[in-house]
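Report on the structure given below.
Proteins get letters first, then strands, A, B, ... in listed order; numbering begins at 1 in each.
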Amino acid sequence: MSAPSDSARGSFSGPNGPRPGGIAARALGRATPAESAPSDYLRGLNPEQRQAVETTEGPVLVLAGAGTGKTRVLTTRIAHILATGRAFPSQILAVTFTNKAAREMKTRIGSLVGEAVEGMPWLGTFHSIGVKLLRRHAELAGLRSDFTILDTDDVNRLIKQLIQAENLDEKRWPARQFSGMIDGWKNKGQGPKDISEGDARAFANGKGRQLYTAYQERLKTLNACDFGDLLLHPIRIFREHPDVLREYHRKFKYILVDEYQDTNTAQYMWLRLLAQRPKERDTSDAKNLTAEGRKPDRASADQAAPAEASEQSERAAVSANQLQQINICCVGDDDQSIYGWRGAEVDNILRFEKDFPGATVIKLERNYRSTAHILGAASHLIAHNEDRLGKTLFTEAPDPEDPKVNVQAGWDSEEEARIVGETIETLQRRGHKLNDIAILVRASFQMREFEDRFVTLGLNYRVIGGPRFYERLEIRDAMAFFRVVASASDDLAFERIVNVPKRGLGEATIRQIHDTSRAMGIPMLEAAGELAESDEIKPKPRAALREVVANFSRWQKLLETLPHTELAEQILEESGYTAMWKNDRSAEAPGRLENLKELIRSMEDYESLRSFLEHVALVMDAEQNEDLDAVSLMTLHSAKGLEFETVFLPGWEEGLFPHQRALDEGGRAGLEEERRLAYVGLTRAKRNLYLNFVSNRRIHGLWQTTIPSRFLDELPEKHVEVIESSNSYGGYGSGGFKGRHNPYGASRFDKAAASQPFSSSYGTPGWQRAQANRTDATRNNWGMRSGHAVERIGYGETDSGFGAGRGSIKARTIEGELVAKSVSNEPAAFKVGDRVFHQKFGNGSVAAVEGNKLTIDFDRAGQKRVLDGFVSAA
DNA sequence: CAAAAATGTATTTTT
DNA sequence: TACATTTTTG
């Protein structure tokens with residue numbers, strides 16, 4: 001009894017169904033009565049866009065630069081397919097990367113085509129479509145169709161248990177790290193058997209593979225999946241059951257993929273399985289793949305399997321042609337590939353024409369979003385990348401009124417926030433909507449300072465992304481209760497809340513439940529029930545356990561009868577969970593209660609507890625209220641796909657952006673990805689773009705002197721304007737930036753990065769050495785002269801960050817010393833009681849010395865911890 | 001078993 | 001620094 005049948009979804013149903021045109025046309029008709037000529041939606045498309053919409057047959061790759069109307073093409077294309085009766089809504093597979101994108105496509109298609117969207121069950125993220133497939137064919141993957149989807153937290157806890165079971169040192173082999181590795185393998189489509197020997201050895205003294213296997217087995221017994229499985233299981237099913245695959249080959253007449261540059265190997269395999277229809281095919285494809293050094297994925301081999309059966313019904317006859325034709329349309333932009341770190345393979349997009357011979361490639365290069373200045377800046381920047389297909393975006397002729405891209409220096413991050421805040425207030429006074437303003441940061445810790453500032457200014461802001469609703473402690477607890485009620489065998493959820501609120505069920509008791517569960521082969525909840533009736537357990541925990549078990553069985557019964565929202569309320573009430581927070585006097589308790597209410601409220605939108613749980617597992621974010629006029633604050637990554645009238649990009653400093661870690665781990669490729677991220681950031685802006693950098697930033701609680709991002713140097717001068725801030729300390733930025741006669745040598749920097757790999761942590765010798773190198777580079781490239789009196793900080797042309805008088809720090813010296821351990825080197829640099837001077841904090845005396853970290857009592861600024869490199873003897 | 005203290009550890013992005 | 005997690009203490 002495999003999952004719900006197609007007919008439930010009203011999709012492709014039978015040989016005698018109406019002709020496709022029928023339904024689609026009717027749907028259209030309902031939505032937009034008679035006058036809606038089929039070509040209506042085509043109006044306003046430029047020739048390339050139109051071509052992308054109308055080339056419905058065969059493989060199509062649309063290379064859509066930023067702001068060129070990518071989503072419009074995608075949605076119009078679907079509308080076109082429907083309107084011309086080429087397919088039923090249910091015969092279109094449209095995959096996106098994020099829920100946001102899926103949602104947007106649904107709405108936009110909806111407005112084009114009306115209710116037909118209702119019948120588009122296969123529009124969604126890779127993962128949500130994966131779940132759908134898997135629910136139907138769960139038994140082929142050894143699961144029941146009511147399997148649960150584990151989130152990262154569940155996974156980590158599970159792995160931790162496995163590591164403990166193996167008696168491994170948890171500190172040496174952290175669960176998070178291993179779950180990361182598993183994630184990576186799954187992104188590559190590798191099961192336990194497929195991982196490389198090296199990978200297998202890399203963890204836990206060679207137990208990597210064994211652990212991975214154990215993990216998968218555990219998932220199976222738990223009847224659970226992690227995110228990766230949502231893709232991998234379907235892939236495996238398709239490979240092992242050609243009949244199932246064929247079913248989907250018949251079903252999906254058109255495949256559309258959004259953000260193709262972000263697909264990882266697993267997603268790529270998945271797509272190829274679905275897209276490459278079995279017909280007589282030469283093996284050259286497969287050869288190509290291996291010849292080019294790609295992993296010989298089994299997709300290609302298994303593909304070649306049975307030839308299309310031509311025997312069946314009229315449908316086979318109709319589709320015989322189409323089945324060989326791969327109507328796949330991938331839309332993407334190699335310049336916006338920013339998820340390489342999580343397994344995305346830009347290569348997928350670069351290789352498209354080889355994968356799908358005869359593909360039509362359409363470039364969308366006309367930008368409808370940004371001014372010529374912004375576009376000019378972005379294009380010039382991205383041109384520094386080598387690995388790209390190369391597009392040339394263009395726009396209308398520049399309007400002399402258009403503002404240039406602003407670059408502004410600040411002293412530290414606090415000032416940066418102040419400057420941005422002031423600029424926003426100015427804009428607001430001129431009638432600028434806050435909703436049209438965004439601040440895009442590289443890393444989320446940067447947000448705090450802006451939030452602080454906006455709070456004091458009373459400026460509305462909204463954080464997008466960030467810590468997500470469903471990841472909050474109280475929500476996860478509540479969800480765990482619900483999960484156990486919905487499926488009594490969800491051990492992970494059970495374990496999470498047996499002792500919440502505190503019932504005196506500690507480690508010992510839980511272990512006992514665990515053991516019983518193992519021994520008897522029953523879920524923990526059941527085991528708890530057994531235990532509560534036996535006398536192997538002390539009276540106190542026994543009573544508590546009894547109550548828990550009784551609670552759950554009562555709730556489970558109510559599941560059938562009581563509306564799920566009421567049940568949810570009852571559960572939280574009777575379990576004492578809400579009471580727990582009511583009694584909690586801490587500052588966050590009221591907020592948590594509020595969140596719980598919100599949770600119940602959001603459940604109303606779903607028809608059952610189960611469907612709600614599914615939603616939460618897949619869509620981890622909660623919607624925000626759009627009514628409020630507020631500045632958006634988010635990371636660059638979550639800004640992809642959005643656009644704003646005005647964009648602020650703070651933190652353009654080496655080490656932060658490009659991020660040190662990207663450089664360390666990714667080398668040149670890492671740098672290029674950072675540059676693409678910068679490109680994404682720049683191209684979010686329609687009209688006003690402000691870049692900021694500061695010379696002092698606190699990282700890990702230590703003050704670091706920073707230098708401007710190399711990306712600033714990669715912007716074309718003619719599109720950029722440097723703002724002189726009248727009231728700020730000025731920093732070294734403006735003067736240097738403006739008069740840069742010898743631009744920052746990117747190659748030089750690359751060399752440094754390549755020849756002396758930084759280590760992964762800021763506190764390490766590698767990082768410090770990097771700092772030293774950069775100090776050097778800064779002097780050379782930003783026109784700083786040593787020998788200036790330090791008093792001159794604050795005037796435009798002066799060096800404020802480095803150099804002058806800081807005798808104890810010479811790059812070379814540091815190089816030599818820092819090979820040693822960071823905490824033990826140069827013990828003699830300063831000693832307690834020394835008078836020192838710091839660029840930011842002024843004079844002070846050393847209160848404590850820990851290797852190169854000094855605790856200093858500053859005369860004005862109070863006690864701070866700083867690296868010795870940033871102070872000099874007073 | 002729970003609360004307090006100490007310790008450690010990571011601070012990029014997320015379906 | 002700041003947070004989470006572990007160890008110690010009551």
Side-chain angles (χ1 to χ4, degrees), chain A residues 95-102 124-131 149-153 155-157 160 170-171 174-177 180 183 186-187 225-231 259 262-264 266-267 337-344 440-448 464-468 470-471 473 499 501-510 538 540-541 544 616-621 634-640 651 655-666 670 673-674 676-677 680-681 697-704 760-764 853 855 863-866:
Chain A
V95 275
T96 64
F97 219 69
T98 65
N99 294 300
K100 204 166 59 182
T125 63
F126 278 99
H127 297 270
S128 62
I129 289 172
V131 180
I149 301 163
L150 269 33
D151 63 32
T152 5
D153 200 67
V155 169
N156 280 330
R157 286 188 298 139
K160 195 167 179 180
E170 292 170 66
K171 295 204 173 131
R176 317 169 108 258
Q177 190 192 334
D183 214 49
K186 292 195 171 178
N187 284 158
C225 268
D226 62 16
F227 274 110
D229 286 341
L230 299 180
L231 285 168
E259 306 280 18
D262 285 338
T263 51
N264 62 36
Q267 288 158 337
S337 157
I338 54 176
Y339 285 107
W341 51 275
R342 141 192 160 187
L440 311 181
V441 296
R442 173 66 246 261
S444 40
F445 74 83
Q446 291 173 263
M447 290 186 188
R448 172 175 291 178
I464 294 174
R468 283 171 296 173
Y470 293 112
E471 277 170 6
L473 176 95
N499 196 30
K502 299 268 186 279
R503 295 186 177 86
L505 295 169
E507 209 185 327
T509 320
I510 289 173
K538 290 195 195 109
K540 247 193 290 174
V616 173
L618 289 174
V619 183
M620 293 292 288
D621 59 341
M634 68 188 104
T635 64
L636 285 161
H637 281 88
S638 40
K640 193 168 71 162
L656 177 58
F657 194 32
H659 197 283
Q660 192 54 48
R661 202 151 152 183
L663 264 30
D664 291 345
E665 285 162 19
E673 182 152 314
E674 293 289 288
R676 290 194 292 268
L677 196 50
V680 167
R697 195 173 284 279
R698 203 168 48 176
I699 298 170
H700 301 61
L702 290 176
W703 283 96
Q704 303 267 210
S760 54
S761 155
Y762 290 112
T764 57
K853 291 174 189 168
T855 306
Q863 196 178 71
K864 305 275 178 193
R865 303 229 309 154
V866 298

Query raised in the report: Counting any heavy atom closer than 4.0 Å, what does A:Lys502 reach on the DNA or RNA strands: base, sugar-phosphate only, or nothing?
Result: sugar-phosphate
Query raised in the report: A:Arg448 near the nucleic acid: base, sugar-phosphate alone, or nothing, with a heavy-atom cut-off under 4.0 Å?
Result: sugar-phosphate
Query raised in the report: Going through the checks in order, is the side chain to side chain contact (heavy atoms under 4.5 Å, CB included) test met by A:His127 and A:Asn99?
Result: CA-CA 10 Å; A:His127 297 270; A:Asn99 294 300; over 6 Å; no
Report task. Kindly state whether the pair A:Tyr339 / B:dT13 counts as stacked, where counting means centroids closer than 5.5 Å and planes tilted less than 30° apart. Result -> no
Query raised in the report: Is the ring of A:Phe126 stacked on the base of B:dT15, with centres less than 5.5 Å apart and planes under 30° off?
Result: no
Query - Upstream residue (5' side of DNA chain B) when A:Ala508 and A:Asn187 are each assigned their closest nucleotide - result: A:Ala508
**Report entry** First encountered from the 5' end of DNA chain B, between A:Ala662 and A:Phe97
**Finding:** A:Ala662
Query raised in the report: Given Watson-Crick or G-U pairs with both distances under 3.5 Å, what dot-bracket string fits DNA chain B, with | for other-strand pairs and [ ] for crossing?
Result: ||||||||||.....
Requested in this report: Taking only the side-chain nitrogens and oxygens of A:Thr96, find out if one of them lies under 4.0 Å from OP1 or OP2 of B:dT15.
Outcome: no
Query raised in the report: Below 4.0 angstrom from OP1 or OP2 of C:dT6, is there any side-chain N or O of A:Lys160?
Result: yes
Requested in this report: Indicate yes or no: at least one non-hydrogen side-chain atom of A:Leu440 is less than 4.5 angstrom from one of A:Met634.
Outcome: yes
Query raised in the report: Among A:Asp229, A:Leu231, A:Thr125, A:Leu230, which residue meets the side chain to side chain contact (heavy atoms under 4.5 Å, CB included) test with A:Val131?
Result: A:Leu230
Query - A:Arg157: partners by side chain to side chain donor-acceptor pair (under 3.5 Å), with sequence neighbours left out - result: A:Asp154
Requested in this report: Kindly assign one of parallel, tilted or perpendicular to the pair A:Phe126 and A:Phe97, based on the angle between their ring planes and the thresholds 30° and 60°.
Outcome: perpendicular
Report task. Answer yes or no: is there a donor N or O on one side and an acceptor on the other, between the side chain of A:Gln267 and the main chain of A:Asn264, under 3.5 Å? Result -> yes
